[in-house]
Q: 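I'd like to ask you about the structure that follows.
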Amino acid sequence: MAQTHLAERRNQVLTQLLEHVERADALLVLKAPPGSGKTFVTTRAVALALHRKRRVAVAAQTNAQADDFCRRMAAEFPRLPVHRWASAQRGALDLGASVSWITRTADLPPGPCVVVATSAKWAVADLDAHDPFDALFIDEAWQMSWADFMLLGTVAPRFVLVGDPGQIAPVVPIDVSRWQTSRRPPHVPAPEVILRDRTLPTRVIELPVSTRLPHDTCAMVQSFYDFTFESWSAPGERRVLLPPAATQHPVDAALALLTTGSVALMTLPTPPGGPPMEEDVALARAAADVVRRLLDRGARVVTEEGETALGPGDIGVSATHRVMNTRITDALGPLAAKVRVDTPERWQGLERKVMVAVHPLSGVTQPSPFDLSTGRLCVMASRHSVGLVLVSRDHVGDTLDTYLPVAAQALGQRDEAGRGRAQNLSLWQYLVRHERVAPMTPPSV
Amino acid sequence: MSRHDAFERLRAWDEGRAIANGHTLPWLRADAADRLVLAFVRMGGESSPWGLCVGRPDAPPEFFTCAEPRNADLHAAFVLAAAGALLRHVEHPSLLADDERLMLLAMEAPLRARVRLRQLWVPGPSHLDMLHFLDFRYTHANTGDPKVVRRLQALGRVCGWLFRESTRPGQVRVFDATARLRRAYTFPAEPVRQAHLGYLLAWLEADRTRDERLAEARAREDLPVSVTMSPEYERATLEPLVTRYNAAKDDPPAQALLAREIHDALVPELRRRWELTVQAMAALDADPRASNPHLDAVVDLGSAEYFHEYWKNEAKGLDPNLSDEQRRYLVHDPETDYAPARAARRYFAHLHAAELAAGELVHGDATLVEQSLDAGNALRGTIRAVEREAVAGKKSGPILWTIECSADDSLRLREETSVCLVGARKRIGRIRSLATVGAVRTVVLQMTDGLTKRSLPNEPDAADASALVGATVTFLEQAAAGFTQMKIFRVGHTDGPGAWLTHAAPLPEPSPPVRIQGNLLDLVKSLQ
Amino acid sequence: MRRDVRRRLEQYASNPRCEANVISAVHDVPMEAVARALGYSGAVGQSPFALLRGQQFERSLFRDDAVRLRRALITQKVLPANAAGFVDFRMSRNDGPYPNLDASRAAFLQRLAAFAKTVGDARLQLPTILAGPTLMVPGKAILPDGLFAIDVLTVHPQPRPAPIVLRVGEVKVYPDRGGFTDATELAATRAQAGLYVHALRVELQQSKLAQHFAVADDGFLVLTRPSFNLPSVRGAEDLQHQAERAAVMFDRVHRIAERLLPPDSAADDDIPAQRRQAVLDAPRQYADGCLSFCELAPHCQQTALAQGLPAALGDDLARFLGPITLHRALELLHGAAAEGDVEHDLLARIA
Ligand code: SF4
């Protein structure tokens with residue numbers, strides 16, 4: 001049975017958000033862990049605001065996200081009109097009967113409305129000739145720098161910032177020493193700047209339930225977050241079923257772990273001279289073997305909805321290095337046409353029933369602070385709804401254990417290297433402690 | 001470390017010399033009259049300079065020192081004496097006649113043209129730091145003779161601006177000789193060792209073996225080039241002199257003699273640093289590579305920054321009728337931009353500078369194209385199809401190019417990114433889709449600009465010509481410089497309804513209390 | 001004792017991966033002597049002016065019951081506005097009342113025990129600044145006695161039963177330039193401060209005072225205002241992971257501390273050859289940072305080059321080449337056939 005008692009908690013949080021909208025309060029930050037239904041709650045808040053005759057602006061970080069938001073509004077609130085405001089260069093898309101496509105500022109509707117655009121579009125919009133908006137909802141707000149957020153001050157007086165604080169932080173391409181000790185450092189993600197400033201009237205809400213992640217995965221990825229959340233699924237409720245195999249395969253031990261829990265770490269021995277750093281062909285083959293073996297053995301998955309066969313489209317693979325993704329694709333052969341293989345950056349926002357991920361620190365024996373930043377690992381470890389197989393060289397635990405992080409961050413900033421090591425280590429140790437590690441022997445070289 | 005850097009360092013070690021990095025140099029050579037070379041030394045443990053050496057590279061430099069840098073008055077007197085050289089170099093408005101100043105303030109262009117190629121050269125990063133320290137020390141100076149204080153403040157501000165300018169991506173105004181050598185060449189040494197200008201110059205010596213260059217580099221390393229002098233020299237030579245100087249405080253003639261001795265002891269230290277800088281400059285000038293042919297926009301941005309971020313404020317600041325508040329606004333804090341709008345504006349200005357420099361220079365240097373490919377900011381492949389998309393109701397739809405690339409290449413570009421063609425940068429497309437199957441990544445571009453032969457006279461084909469099929473093309477991310485530039489101005493709008501949050505304007509009145517009635521969940525459900 | 005424990009801790013923390021360095025630090029075999037024996041001259045000396053400035057700065061902070069430091073701590077909200085009280089645990093050579101480290105440590109622990117017993121107003125009015133308290137390196141990992149003084153602690157009493165919070169502060173004379181403050185210096189300072197957090201926790205544990213005190217995960221740095229002799233305090237410095245780092249380091253160092261070396265000689269500058277040899281025989285790990293602190297760096301760099309260790313051309317190249325030597329990398333660049341996954345991977349990355 002799903003943890004239906006959590007519905008109550010989730011509803012309480014949604015109610016808090018709706019009450020915030022109802023009261024027309026000024027500032028809210030909504031922290032949403034993976035698969036916690038941030039669009040679900042945001043669409044509801046937007047619908048309520050429109051119902052209360054407000055002018056609502058919604059800012060997404062990419063056009064694709066803006067389109068998706070409109071589709072969700074159209075599907076869930078088909079009676080509420082939504083305007084998708086886009087660049088004239090983009091061809092109009094059919095996002096649903098209730099969504100109208102506009103490209104000119106002059107076409108912005110008067111009165112109560114919902115207008116969805118990218119933050120870049122809002123940033124340069126000249127809204128002087130229009131009624132002011134009442135509230136601005138910002139999706140994937142952790143992807144937005146404070147400086148970019150400042151440009152949205154012309155849109156509305158009230159802000160709701162929604163996002164996942166554990167995801168991959170945006171790249172800052174220039175030296176920002178000058179602004180590290182600024183009161184509002186322009187390069188820092190907007191919600192972080194807001195949360196650091198205790199003088200602001202900020203309300204913080206954390207979504208408490210992940211419908212995507214299985215029960216034990218929630219516990220595993222918890223170290224990436226500074227708040228707790230639970231899984232909608234009950235312990236052991238979701239699992240992979242594997243019919244008995246006639247023959248043995250080197251990945252079977254890892255697959256067997258998926259029948260008793262949602263995560264398996266499959267390790268390959270680290271060669272005595274050290275592991276290959278990027279292009280680890282044996283590891284790529286091992287990742288592909290996991291996919292193939294799951295399908296060959298006719299794996300099925302059990303979820304709250306019942307039992308279904310696992311198809312290639314239900315499986316995804318992720319590695320941080322392009323070249324590894326190519327090697328995995330090679331190793332998948334014809335299956336590659338159906339199994340998505342991509343970098344964690346491209347996996348953001350997507351999910352599969354089963355994921356196979358190459359541990360980002362596999363092959364990295366002298367990690368840099370960038371290697372240790374956990375955004376990518378967090379994304380990779382949170383795309384699956386039933387099972388995840390992490391594949392890695394077996395040195396990672398030792399590497400993390402002996403690594404001495406250097407705290408060279410600017411004054412007053414968080415010790416990201418130390419934090420990254422601690423979080424990485426905690427995830428690895430979690431897997432060891434819970435006996436989720438299966439060496440692949442002998443390796444399929 | 002990028003593979004380019006790793007490969008080149010290995011190659012440099014293999015060849016036993018510094019090897020050229022890039023096909024061009026990303027700055028313009030300037031006449032000696034436009035160049036000022038500046039070097040500092042400081043007393044161990046102190047932040048401000050103990051002495052400085054300044055001058056054009058083609059003439060003997062001037063030396064300015066102070067017997068006891070921990071004495072605030074002596075220090076102020078010494079930097080005051082040296083201030084003229086810097087202020088003249090930046091055409092400080094106080095040095096101009098009133099009418100000329102007002103004319104330049106109104107017209108902008110003549111002044112920008114005059115200083116377009118002005119360059120300040122220092123030996124290395126610690127010397128740039130000295131500019132920052134002088135900014136901290138004198139920008140807010142406030143005690144003493146008002147005339148002196150004003151000049152000290154002006155010195156603090158010019159140092160502050162030059163320091164900030166040195167951190168602006170792509171700038172060609174402030175030259176850290178060590179960094180410029182490292183930009184121009186790859187050296188076969190650890191990055192920490194490459195912080196020594198003498199060490200680097202040894203690797204540039206002609207007609208030597210690797211071992212000879214290495215030995216020479218190590219020998220030169222023994223003589224410091226940073227602002228810090230060797231502790232031995234301080235202990236053996238300077239400390240006794242300073243001790244005697246301080247002990248002779250009641251004997252001005254003796255002090256004067258000792259001050260002279262201290263000066264004489266600092267001069268060779270300063271001279272060595274200054275001369276190394278001139279040597280580095282000469283080595284770079286003598287390099288057979290040309291300057292990047294696409295530097296104009298970068299240099300122009302530099303002179304605009306000079307005018308708007310420095311000179312204009314200085315000129316306005318000379319107005320005796322300014323209020324304190326107005327005057328404060330003209331001054332940048334040495335540490336950071338505390339005001340959110342200013343911080344964001346400068347952040348965008350630096351982003352814009354980075355985008356502009358990268359976007360322009362890459363078209364003038366094949367190495368930069370390769371580095372862009374390496375970093376995933378460009379794509380290279382073969383055109384497999386050129387077609388017009390059928391659009392209902394339209395005679396001709398957009399032109400689509402289908403390009404096949406290797407899936408092994410890293411690629412940061414995403415759908416909807418605008419890209420321009422290397423070699424014909426006005427031909428622009430937008431990425432429609434990216435798909436990887438096996439080892440092949442297929443990119444579909446919708447061509448948006450530079451479509452006709454007329455718009456690109458040097459291109460043999462229009463963008464819809466089937467003759468393009470089979471050609472290998474490289475596309476670079478089209479710098480969104482214009483967009484970032486727009487943000488610089490827009491982020492200054494402090495009057496939006498959300499300014500209370502975004503621009504730290506006063507907090508809004510709290511909304512009147514609303515009594516929540518009924519069940520909001522049910523209400524929302526009813527809207528579905 | 002030849003060099004104080006603090007300096008040796010700094011030396012140790014500068015390259016804990018190099019066993020030679022660790023032996024030198026732990027067993028007090030000055031690296032300078034080892035280098036001299038090999039014919040290298042240059043000691044990584046310190047400027048006489050800088051030394052003096054450091055001492056003067058620290059003294060100025062604690063003069064007159066630490067009025068200058070207190071003001072800065074209050075302004076930066078490390079201490080509350082009404083904070084008062086100062087206890088000096090420094091040694092007499094640093095203007096304090098104690099003749100040696102042992103005495104300072106005894107007084108400090110005694111005072112903590114007294115703090116622990118306080119209740120009510122007396123507890124809330126505990127002195128808030130403690131200068132130069134002495135600690136012992138956990139497990140006597142730094143020989144011979146492992147005693148060292150830390151710069152400053154602040155005391156943040158709370159009503160019982162909540163523990164009294166102690167916060168570690170580190171005084172440095174280098175300038176606070178905001179985001180431009182020297183990152184290497186900051187990293188070293190935080191490593192030190194983290195080490196003190198850890199050592200203090202162990203001390204409290206061993207003195208059975210742990211339940212009365214909590215050592216904060218964050219600390220504060222006292223730097224100088226650029227070009228002025230005034231303190232610049234930065235609070236809320238994240239030390240949690242640096243304290244963890246210290247725990248890991250001390251764990252490892254025991255093995256080396258337990259190693260028996262021939263006894264040291266009484267004469268200060270005469271280091272027995274066997275002791276020097278023990279350092280030279282130990283495995284070394286040359287890295288970029290060596291140049292800035294270790295007298296043996298020129299020797300180690302040359303040796304590393306001769307052996308073709310990529311670190312000789314930079315940590316970044318070492319990371320890039322992994323286990324492949326410079327010699328082999330060059331062979332591969334010159335067209336040698338790659339053997340094994342690691343070499344194939346390198347060629348793929350560099351091609
Ligand atoms: S220089 Fe040599 S002995 Fe010193 S820390 Fe580095 S590797 Fe170890």
Side-chain angles (χ1 to χ4, degrees), chain B residues 1-7 9-14 42-50 69-70 72 75 128-129 132-138 156 163 167 187-195 214 218 221-222 228-236 238-240 242-243 333-336 408, chain C residues 41-54 56-57 173-182 184 224-229 232 286-292 297-298 301-302 304-305 310-321 326 329-330 332-334 346 348-351:
Chain B
M1 185 178 210
S2 74
R3 60 172 141 186
H4 170 266
D5 293 352
F7 181 78
R9 198 180 304 160
L10 278 172
R11 198 161 70 84
W13 176 247
D14 196 22
R42 62 157 190 178
M43 179 181 264
E46 297 298 313
S47 315
S48 316
W50 193 350
R70 292 166 294 192
H75 196 272
L128 289 176
D129 291 347
H132 198 202
F133 287 125
L134 288 169
D135 181 16
F136 271 109
R137 180 143 186 172
Y138 292 113
F163 176 74
T167 65
F187 294 88
E190 313 109 281
V192 276
R193 275 212 152 74
Q194 295 185 34
L214 181 59
R218 283 189 178 140
E221 219 179 7
D222 287 342
T228 312
M229 292 173 284
S230 93
E232 286 71 50
Y233 190 67
E234 283 196 334
R235 189 170 295 118
L238 291 162
E239 193 190 19
V242 174
T243 309
D333 187 272
E335 180 182 320
T336 183
D408 272 4
Chain C
S41 60
V44 181
Q46 248 194 311
S47 153
F49 300 113
L51 277 173
L52 184 68
R53 170 133 202 252
Q56 284 176 342
F57 178 60
V173 77
Y174 61 82
D176 173 351
R177 299 164 63 203
F180 293 103
T181 309
D182 190 316
T184 318
T224 54
R225 291 230 336 249
S227 298
F228 296 93
N229 236 338
S232 173
Y286 183 75
D288 284 357
C290 292
L291 206 56
S292 66
Q301 204 250 359
Q302 263 166 340
L305 261 185
L313 291 188
D315 290 353
D316 50 355
L317 193 66
R319 212 175 282 140
F320 191 87
L321 292 183
L326 289 174
L330 291 182
L332 289 169
L333 289 190
H334 285 300
L346 176 68
R349 281 184 290 135
I350 220 160

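Small disclaimer: the values here were computed from a predicted structure and weren't measured. Below, chain A is the first sequence line, B the second, and so on; all start at residue 1.
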Q: Looking at the rings of B/F187 and B/W13, which for Trp means the six-membered one, are their centres under 6.0 Å apart?
A: no
Q: Under 4.5 Å from any heavy atom of chain B, what part of C/A318 do you find: side chain, backbone, both or neither?
A: neither
Q: Could you tell me which portion of C/L321 (side chain, backbone, both or neither) has an atom closer than 4.5 angstrom to a non-hydrogen atom of chain B?
A: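 Side chain only.
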Q: Does any backbone or side-chain atom of B/A6 lie under 4.5 Å from a heavy atom of chain C? Answer side chain, backbone, both or neither.
A: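 For B/A6, heavy atoms of backbone and side chain both lie under 4.5 Å from chain C.
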Q: Counting only heavy atoms closer than 4.5 Å, note whether C/L313 contacts chain B via side chain, backbone, both or neither.
A: both
Q: Against chain C, work out which of B/D5, B/L10, B/D135 has the most heavy-atom pairs shorter than 4.5 Å and name it.
A: B/L10
Q: With chain B as the partner, which of C/T181, C/L326, C/L305 has the greatest number of non-hydrogen pairs under 4.5 Å?
A: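 Highest number of pairs under 4.5 Å: C/L305.
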Q: Is B/R193 paired with B/E190 through a side-chain N to carboxylate O contact shorter than 4.0 Å?
A: yes
Q: Side chain, backbone, both or neither: which part of C/Q302 has a heavy atom under 4.5 Å from chain B?
A: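 Contact with chain B is through both the backbone and side chain of C/Q302.
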Q: For a 4.5 angstrom cut-off between non-hydrogen side-chain atoms, does B/R70 reach C/L52?
A: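 Result yes, sub-4.5 Å side-chain heavy-atom pair found.
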Q: Measure distances from B/S48 to the heavy atoms of chain C and classify the residue's part below 4.5 Å as side chain, backbone, both or neither.
A: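 Both parts, backbone and side chain.
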Q: Taking the six-membered ring for Trp, are C/F180 and B/F163 closer than 6.0 Å centroid to centroid?
A: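 Yes: the rings meet the under 6.0 Å criterion.
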Q: Once salt bridge (charged side-chain N to carboxylate O under 4.0 Å, His left out) is applied, what residue pairs with a partner in residues 173-182 of chain C remain, sequence neighbours excluded?
A: B/D129-C/R177, C/D176-C/R234
Q: Check each atom of B/T167 against the heavy atoms of chain C and say whether the ones under 4.5 Å are side chain, backbone, both or neither.
A: side chain
Q: Of all of B/R235, B/H132, B/M229, B/R11, which one pairs up most often with chain C through heavy atoms under 4.5 Å apart?
A: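 Heavy-atom pairs under 4.5 Å are most numerous for B/H132.
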Q: Could you tell me which residues satisfy salt bridge (Lys or Arg N to Asp or Glu O under 4.0 Å) with C/R53, sequence neighbours excluded, listed by chain and number?
A: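 C/R53 satisfies salt bridge (Lys or Arg N to Asp or Glu O under 4.0 Å) with B/E46 only.
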Q: Measuring heavy-atom distances to chain B, does C/L317 have an atom under 4.5 Å in its side chain, in its backbone, in both, or in neither?
A: both
Q: Under a 3.5 Å distance rule, please check whether C/S232 uses its side chain to pair with a backbone N or O of C/T224 as donor and acceptor.
A: no
